[in-house]
Number of protein chains: 2
Amino acid sequence: MAVTIKDVARVSGVHVSTVSRAFSATHLVNAETRARVLAAAEELGYRPNRAARALSTSRTGNLGLIVADIANPFFPPLIKAAQAQARARDYHVFIADTDEQARVEEELIRSMAKQVDGAVLVAPRLTNRVITELAQEIPLVVVNRRLRGVSGVLMDVGTGARRAMEHLIELGHREIAVVGGPSRAWTSGEIERATEHIARDHGILIQRVGPNPPTEEGGHTVADEVVASGATAVLAHNDLLAFGLVQRATELGLDVPGDLSVIGVDNSHVARYSSPALTTVAMPVAEAGHGAVDLLLRSVDAAGSTGTVTLETSLIVRGSTAPPASGEGLR
Amino acid sequence: MAVTIKDVARVSGVHVSTVSRAFSATHLVNAETRARVLAAAEELGYRPNRAARALSTSRTGNLGLIVADIANPFFPPLIKAAQAQARARDYHVFIADTDEQARVEEELIRSMAKQVDGAVLVAPRLTNRVITELAQEIPLVVVNRRLRGVSGVLMDVGTGARRAMEHLIELGHREIAVVGGPSRAWTSGEIERATEHIARDHGILIQRVGPNPPTEEGGHTVADEVVASGATAVLAHNDLLAFGLVQRATELGLDVPGDLSVIGVDNSHVARYSSPALTTVAMPVAEAGHGAVDLLLRSVDAAGSTGTVTLETSLIVRGSTAPPASGEGLR
DNA sequence: TTGAAGACGGCAAGCGTTTGCCCCATGGGC
DNA sequence: GCCCATGGGGCAAACGCTTGCCGTCTTCAA
């Protein structure tokens, strides 16, 4: 049916092993012979069968990419970048969506393990223990999780959160709500720690709200609590949450940023599209996707090598932050 | 290294073929034996090697999903739904991004062909001829393209466009700009045809602008032309284009919807997040992803069977449309 | 008691590649 | 003129699984 190495061998008058070498070990075959083989392959439209190759080399040429929610605007640019980089290295990528469930995440990795040379886990919800365990079985790189012995690319959201807080403090806010995301997310911890420090250093009051699902609905449900807290500003775990919050706050008759300043995280397009455009901590998402694939491929080639790269974030000030309404927010 | 069928056979004291059958042809093996095999497999942590299976069955258990631009908010919900449905049927999905380039699209399909049982092409930019050709080599289902002999799921954007136009006409608009998308997109033709009819039936004037890339930037660059055309309302090829248009129009000092009504297509989250929230034609994206996979799997199982399903669209009226400024727009 | 029909499961070939091993020719050094 | 090193390329096993074929054991009817 499909054209195989055997057909190419027949047509070019050499043994299959020569055909194979013509493709994968070019220096082992005479240039002239190789040309003949390549010509025959071209003519027949031969494409190597990756499954067969995988079977004998135990290298699949595939990568897995596991994300919590494809529809969350944080992920697509990362997926896109990862896929592009993989393609540049002649790898194909499997995508899987865990629906934010740790159980699914683990199952997905396990079911994928045999068919990929490695996987990148983006913002996993799994426990460190399980991830470390899995990394034993298959090369893994984790985005936004710091783990000993496992490669990772980290976006320095702590510094971003610090900048965000400083921005609010400069504007005059003294009572700030910090709306948490999923409890298992590494970024949640980072933000918590950074805001903690800042609060201590500047002697301001922090209201912690959460954990919450990182969605617009999450923002809706958390809004009342935030408003009731008396905070004049809020730093939300991501743009979606921030956006939901703004929506609900507006419904409640508050003006953003007049009555309530809101900062998101991600700089997803939501932040730009919404109104007011959200002040947000920009995450280097594309770089992360690109870097994760690089890192992964490196540890696929040199088994056991791990590395960590940290990417910078930055604060993007837009229209959702302003000084607090006069008098308010100062005790 | 990895545990294979052979290990399971040894441990459970049967032949490998029995192990194989215990998994894939359960009725051919005694229940008791099967239980023993399964227990051994469980104990050893056995996972079938899909590559090996693929080699002997020429079924990979993989699907390809090819989209123009993962970062375009139209796609992620579709990808998510497709992936979920594939997973439910125990398939894995390869994702690939063509960057809107037909050439890349073709190459991607070809390079994927050997490793998947079929592929879904979402809003392809390829010519009909090439697609039909490719469908010869590998089961294909095409989303938003009508093609004889190739399975497809179509979103009835024509009707949606008609509704949109009627909505504008009812509001009193008499001169409407229709901003086209990529020339190769099937939806472009559908919208053109529908708007054509409507215009004729109602005796209104249509200004066609485009084709344009379906992006925010596309909206920016096209805005001047639209404004200059004297139209009081515009139907854009998608939300992104509509959003870019609104942005630029606002910069030019126009009020949307006061001075210019704008309608998008897709009902991507951009439409909800932007301000004013966009009136838009809702595309049943998730259903399409789900349906495409179903259709594809059907034609994988029953080679040669093709089908077409058409999904309904609907108009969602939000804040970007209003009656034209008094007097204007009437000749 | 015998024979036939199932049920069960072993055997081995085959899927398309890769790769270690080995053979053959060629050419250069002595 | 002989030997050996070397390059080129054939041979066949192996990767892990499926599946057609066939032998063995039960079971049941005649």
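Reminder, nothing fancy here: chain letters follow the sequence lines and each chain counts from 1.
Rounded to a whole Å, the CZ atom of R59(A) is 19 Å from the C1' atom of dG16(C). Distance, R53(A) CZ to dC15(C) P: 19 Å, rounded to whole Å. The CZ-C1' distance, from R34(B) to dA7(C), rounds to 16 Å in whole Å. Spacing between atom CD1 of I5(A) and atom P of dT19(C) amounts to 11 Å, rounded to whole angstrom units.
Residue H15(A) places none of its side-chain N or O atoms closer than 4.0 Å to OP1 or OP2 of dG9(D). Close to dG9(C), at under 4.0 Å from its OP1 or OP2, lies no side-chain N or O of T18(B).
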Side chain to side chain contact (heavy atoms under 4.5 Å, CB included) between L121(B) and L134(B), worked out: CA-CA 11 Å; L121(B) 252 53; L134(B) 287 166; 5.5 Å; no
Trace of the side chain to side chain contact (heavy atoms under 4.5 Å, CB included) decision for H27(B) with R21(B): CA-CA 8 Å; H27(B) 63 284; R21(B) 283 191 273 256; over 6 Å; no
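Listed candidates were dG10(C), dT17(C), dG9(D). Nearest to the side chain of V29(A) is dG9(D). With dG10(D), dG16(C), dT18(C) as the candidates, the nucleotide lying closest to the side chain of A52(A) is dG16(C). Checking dC15(D), dT17(C), dT18(C) against every side-chain atom of S24(A), the shortest atom distance belongs to dT18(C). Distances from the side chain of T33(B) to the nucleotides dG9(C), dG8(D), dC17(D) place dG9(C) closest. Distance from the side chain of S56(A) is smallest to dA14(D) among dA14(D), dC15(C), dC21(C). Distance from the side chain of N49(B) is smallest to dC17(D) among dG10(D), dC17(D), dT19(D).
Nearest-nucleotide assignment on DNA chain C puts the 5′-proximal partner with H27(B), out of H27(B) and L55(A).
Nucleic acid contact class of T57(B) (heavy atoms, under 4.0 Å, all strands): sugar-phosphate only.
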